[in-house]
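For reference, the structure discussed in these notes is given below.
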Amino acid sequence: QVQLVESGGGLVQAGDSLRLSCAASGRTFSTYSMGWFRQAPGKERESVAAIDWSGTNSYYSDPVKGRFTISRDNAKNTVYLEMNGLKPEDTAVYYCAARVGGLGVNRSHYDHWGQGTQVTVST
């Protein structure tokens with residue numbers, strides 16, 4: 001079992017940057033692939049980025065490709081989402097998620113979820 005706690009959200013202006021962190025409990029963090037998802041009001045939760053257990057392979061959704069970077073530090077049991085060039089359409093609650101196994105893209109691939117952190121991008 002792994003517990004996830006996100007942090008780093010906030011209110012920023014368009015063009016600004018934020019770095020989200022997701023701290024995981026447990027001694028087996030390095031065996032989990034991790035993902036970031038987001039959910040805007042009235043919309044489905046969507047995949048943003050994912051990274052495999054080793055950090056070797058990653059995935060990005062088209063809306064964030066080239067602007068967001070996912071990384072992980074297994075020694076600190078933490079996964080990060082560096083977000084640059086933020087746009088108002090990036091406004092959402094951001095969730096991290098964990099799964100045992102390889103890289104996961106879909107929400108259904110993940111077994112463990114954090115509570116989320118709000119990111120709001122103003123014009």
Side-chain angles (χ1 to χ4, degrees):
Q1 186 78 6
V2 61
Q3 293 184 327
L4 306 172
V5 179
E6 303 95 336
S7 62
L11 172 63
V12 298
Q13 292 186 329
D16 284 352
S17 299
L18 273 178
R19 188 175 80 158
L20 305 183
S21 299
C22 174
S25 65
R27 294 176 291 177
T28 59
F29 174 74
S30 61
T31 65
Y32 287 89
S33 292
M34 303 296 294
W36 284 99
F37 292 75
R38 66 186 182 187
Q39 188 166 17
K43 294 188 176 181
E44 295 286 322
R45 192 172 298 188
E46 64 176 2
S47 177
V48 174
I51 191 166
D52 69 359
W53 66 272
S54 69
T56 301
N57 299 298
S58 59
Y59 157 83
Y60 297 94
S61 65
D62 286 343
V64 307
K65 201 172 294 182
R67 299 188 297 124
F68 290 12
T69 303
I70 189 170
S71 62
R72 67 188 297 159
D73 186 338
N74 286 344
K76 295 183 178 180
N77 281 15
T78 303
V79 63
Y80 304 97
L81 185 68
E82 185 76 35
M83 306 185 293
N84 298 314
L86 282 161
K87 304 175 181 180
E89 51 263 45
D90 294 318
T91 295
V93 177
Y94 283 71
Y95 300 88
C96 74
R99 70 183 301 267
V100 176
L103 200 65
V105 174
N106 295 325
R107 179 179 176 181
S108 62
H109 291 160
Y110 289 84
D111 306 304
H112 308 282
W113 293 85
Q115 294 300 306
T117 185
Q118 176 71 47
V119 172
T120 304
V121 185
S122 65
T123 55

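This chain uses plain numbering: 1 for the first residue, then up along the sequence.
Counting non-hydrogen atoms of other residues, nucleotides and ligands closer than 6.0 Å to CD of Glu89 gives a total above 12. The environment of NZ in Lys65 is crowded: more than 12 heavy-atom neighbours from other residues, nucleotides or ligands sit within 6.0 Å. Within 6.0 Å of CD on Gln3 lie no more than 12 heavy atoms contributed by other residues, nucleotides or ligands.
Arg19 CZ to Asn84 CG: the interatomic distance, rounded to the nearest 0.5 Å, is 11.5 Å. Separating the CG atom in Leu81 from the OG1 atom in Thr69 is a distance of 8.0 Å, to the nearest 0.5 Å. The OG atom of Ser47 lies 7.5 Å from the CG atom of Asn106; values are rounded to the nearest 0.5 Å.
A heavy-atom distance below 4.5 Å is not found between the side chains of Ser61 and Phe68. At least one side-chain heavy atom of Arg38 sits less than 4.5 Å from a side-chain heavy atom of Asp90.
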Test side-chain contact (heavy atoms from CB on, under 4.5 Å) on Val119 and Leu20; report intermediate values, then the result.
CA-CA 9 Å; Val119 172; Leu20 305 183; 4.0 Å; yes
Applying side-chain contact (heavy atoms from CB on, under 4.5 Å), run through Trp53 and Thr31 and close with a yes or a no.
CA-CA 5 Å; Trp53 66 272; Thr31 65; 5.7 Å; no
The test is side-chain contact (heavy atoms from CB on, under 4.5 Å); show your working for Leu86 and Gln13 and say whether it passes.
CA-CA 8 Å; Leu86 282 161; Gln13 292 186 329; over 6 Å; no
Arg107/Trp113 under side-chain contact (heavy atoms from CB on, under 4.5 Å): CA gap, chis, key distance, verdict:
CA-CA 10 Å; Arg107 179 179 176 181; Trp113 293 85; 3.6 Å; yes
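Panel note: side chain Ser122, backbone Val12; a donor-acceptor pair is recorded below 3.5 Å. Ser33 places no side-chain N or O within 3.5 Å of a backbone atom of Gly104 that could act as its donor or acceptor partner. In this structure, the side chain of Asp16 does not engage the main chain of Val121 through any donor-acceptor pair within 3.5 Å. Listed for the Ser30 side chain is no donor-acceptor partner under 3.5 Å among the backbone atoms of Asn74. Panel note: side chain Arg67, backbone Gly85; a donor-acceptor pair is recorded below 3.5 Å.
The hydrophobic clustering, which links ILVMFWY residues whose side-chain heavy atoms are closer than 4.5 Å, places Leu18 and Tyr94 together. By the criterion of side-chain heavy atoms lying less than 4.5 angstrom apart, applied directly or through intervening Ile, Leu, Val, Met, Phe, Trp or Tyr residues, Val79 is grouped together with Val100 in one hydrophobic cluster.
When all heavy atoms of Lys43 and Gln39 are compared, the pair lying nearest together is O-NE2, 3.1 Å. The minimum heavy-atom distance linking Ala92 with Ala40 is given by the pair CB-N, 3.8 Å. Shown here for Gln115 and Glu6, the closest heavy-atom pair between the two residues is N-OE1, 3.1 Å. Scanning both residues, Asp73 and Phe29, for their nearest heavy atoms gives O-CE2, 4.1 Å. Contact between Val64 and Val48 at its shortest, heavy atoms only, is CG2-O, 3.5 Å. The two residues Tyr60 and Ile70 have their closest heavy-atom pair at OH-N, 2.8 Å.
Partners of Ala98 according to the side-chain contact (heavy atoms from CB on, under 4.5 Å) rule, which considers only residues two or more places apart in sequence or in another chain, are Val2, Leu4, Tyr32, Met34, His112.
At least one test fails for Arg45 against the ring of Phe37: distance under 6.0 Å to the centre or angle within 45° of the axis.
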